[in-house]
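Input: a single structure, listed below in structure tokens.
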Amino acid sequence: MSSLRFEHVDKIYENGFKAVSDFNLNINHGEFVVFVGPSGCGKSTMMRIISGLERLTKGNLFFDDKIVNDKTPRQRGIAMVFQSYALYPHLDVYENMAFGLSLEGFDEDFIEKRVHEIADVLDMRRLLLRRPRELSGGQNQRVAVGRALIRHPNVFLMDEPLSNLDAKNRVTMRSEIIDIHRKVNATTIYVTHDQTEAMTMADKIVVMRDGKIQQVGIPKQLYFHPDNKFVAGFLGEPPMNFVPCIVQNSKLKIEGVQDCVDCPPKFAPLLARFEGKSVTMGFRPESVVYDSDIANSLDVHSSSSISRQGIKLECKIQVSEILGDAINVYVFLGKNAAVLKSLPTKNFVPDQNLKFFVPQDCIYFFETDGDEKTVRV
Ligand code: ATP
């Protein structure tokens, strides 16, 4: 098992396109790191660079403090699992898992022991004599994982391994992969564009955009302390609401909302800095408090109610969506569309006005010029 270090890695393809820029990252022994980002952000390019299938253009990649820029995939000791399981259809599970070791000339006793070890980790012993077509999608994916694990890889790469599965199987396989990782503790790099997979599986998330790292951190850190608007908007479902505002007399003017909105004293320095300028307010759908009694009794300027300080807002309900365990309420806040989350017990009537409150710790501010800039308070 290896640790990895990327130092100022660039990838420029032959046609001149720069797919990765100044990529710097440390991955520790045994860590489960998820690369996440929208299509085309460079995730697969990074996987190919790590595996040795693609050469980096600039910078260095280290495995345990040794530069591997010129090493072949085999020399690096990489195992990969892809979206397409790429199993041999005419071989059974045992043979699929044993294939690579047989090619390398390991003796039958060793291979049998190793296949059974991995089959136990994956809880697959009873499936060893089945062919891929006799297995479910999730079971096939487990065989692909088993086949990759059988060589004790230094680094385990998984590129969108769950995207061929239906929603239910994806959830099951998510926890299975985490469980397997716990048992074998291989350094794992997992690529996905699915923020839920990233949030639920990762020890550490790397958010990428246009070939650049936007932020690296544990899931909670990225969720609650995003460095910029892109990260804030990428993690979370439904995503964070962004409301463009102009600061007027230390209050927030929201387009289409008649009265300026009062802010708690915590934000005074920020408002002073942005007086007369644009700023984007962000809050997550689940952070709102609806209870109009609570909202009405709040005094946003009272120092005695610090835990209850925040921003009071009023919106117009457009439509609500019952999910079973929750309701998503689609609203207009002035001219801005927003989504609020609620417990399923509440009723939301279209076209009615709805008052809500956002606690101050759940409010973020971003500079409005460009997605990547953030104003932290
Ligand atoms: P997806 O989620 O859609 O798989 P990705 O994040 O994995 O996307 P990459 O496949 O790494 O993205 O591609 C990153 C960028 O590099 C894209 O703009 C892509 O068009 C470009 N690219 C990929 N391979 C090549 C190539 N061989 N030559 C030129 N450009 C390429």
Listed once per pair and sorted, the ring pair (Phe, Tyr, Trp, His ring centres under 6.0 Å) pairs that draw on residues 186-215, sequence neighbours left out: Phe32-Tyr190

Pairs flagged by ring pair (Phe, Tyr, Trp, His ring centres under 6.0 Å) wherever residues 313-348 is involved - sequence neighbours left out: Tyr290-Phe348

Common cluster, Phe224/Val207, ILVMFWY with side-chain heavy-atom separation under 4.5 Å: yes

Verify same cluster id: Ile67, Val9 (apolar side-chain graph, 4.5 Å): no

Looking at [X], I'd like to know if its [atom1] atom is crowded, meaning that more than 12 non-hydrogen atoms belonging to other residues, nucleotides or ligands lie closer than 6.0 Å.
| X | atom1 | answer |
| --- | --- | --- |
| Ile322 | CD1 | no |
| Asp107 | CG | yes |
| Gln221 | CD | yes |

Would a 4.5 Å heavy-atom cut-off, applied to side chains only, mark [X] and [Y] as touching?
| X | Y | result |
| --- | --- | --- |
| Met97 | Met124 | yes |
| Pro238 | Asn328 | yes |
| Asp262 | Ile311 | no |
| Val206 | Ile27 | no |
| Gln318 | Val331 | no |
| Leu271 | Leu252 | yes |
| Glu255 | Pro244 | no |
| Leu235 | Pro226 | no |

Between [X] and [Y] (side chain of the first, backbone of the second, donor and acceptor by atom type, cut-off under 3.5 Å), is there such a pair?
| X | Y | answer |
| --- | --- | --- |
| Asn154 | Arg76 | yes |
| Asp203 | Val33 | no |
| Glu104 | Leu101 | no |
| Glu275 | Ser250 | yes |
| His181 | Gly30 | yes |
| Gln360 | Phe267 | no |
| Glu314 | Asn353 | no |
| Lys183 | Val121 | yes |
| Glu112 | Asp109 | no |
| Asp159 | Val191 | no |

Only counting residues at least two apart or in another chain, list the ones meeting side-chain hydrogen bond (donor to acceptor under 3.5 Å, both in side chains) with [X].
| X | value |
| --- | --- |
| Tyr88 | none |
| Gln248 | none |
| Arg284 | none |

Check against side-chain hydrogen bond (donor to acceptor under 3.5 Å, both in side chains), Gln214 and Asn228: CA-CA 8 Å; Gln214 299 292 303; Asn228 61 44; 3.1 Å; yes

What distance separates [X] [atom1] from [Y] [atom2], expressed to the nearest 0.5 Å?
| X | Y | atom1 | atom2 | value |
| --- | --- | --- | --- | --- |
| Met173 | Ile177 | CE | CD1 | 4.5 Å |
| Glu197 | Leu162 | CD | CG | 4.5 Å |
| Phe274 | Cys245 | CZ | SG | 11.5 Å |
| Leu340 | Cys315 | CG | SG | 5.0 Å |
| Leu87 | Asp92 | CG | CG | 11.5 Å |
| Glu54 | Met47 | CD | CE | 13.5 Å |

Trace of the side-chain hydrogen bond (donor to acceptor under 3.5 Å, both in side chains) decision for Asn26 with Asn28: CA-CA 6 Å; Asn26 284 320; Asn28 301 321; over 6 Å; no

Plane angle bin for Phe356 and Phe283 - parallel if under 30°, tilted between 30 and 60°, otherwise perpendicular: tilted

Electrostatic pair Lys266:Asp361 at N-O distance under 4.0 angstrom: yes

SB check Arg114 Glu117 (cutoff 4.0 Å): yes

Test: Lys355 cationic atom under 6.0 Å from Phe357 six-membered ring centre, within 45° of axis: no

Verdict with supporting geometry, Asp351 and Lys316, salt bridge (Lys or Arg N to Asp or Glu O under 4.0 Å): CA-CA 6 Å; Asp351 291 330; Lys316 183 167 255 184; 5.5 Å; no

Please table the atom pairs, donor to acceptor, closer than 3.5 Å between any side-chain atom in residues 55-65 and protein atoms at least two apart or in another chain.
unit_1	atom_1	unit_2	atom_2	d
Arg55	NH1	Asn69	O	3.3
Arg55	NH1	Asp70	OD1	2.4
Thr57	OG1	Ile12	N	2.7
Thr57	OG1	Ile12	O	3.4
Asn60	OD1	Asn69	ND2	2.9
Asp64	OD1	Ser3	N	2.8
Asp64	OD1	Ser3	OG	3.0
Asp64	OD1	His29	NE2	3.3
Asp65	OD1	Arg5	NH1	2.8

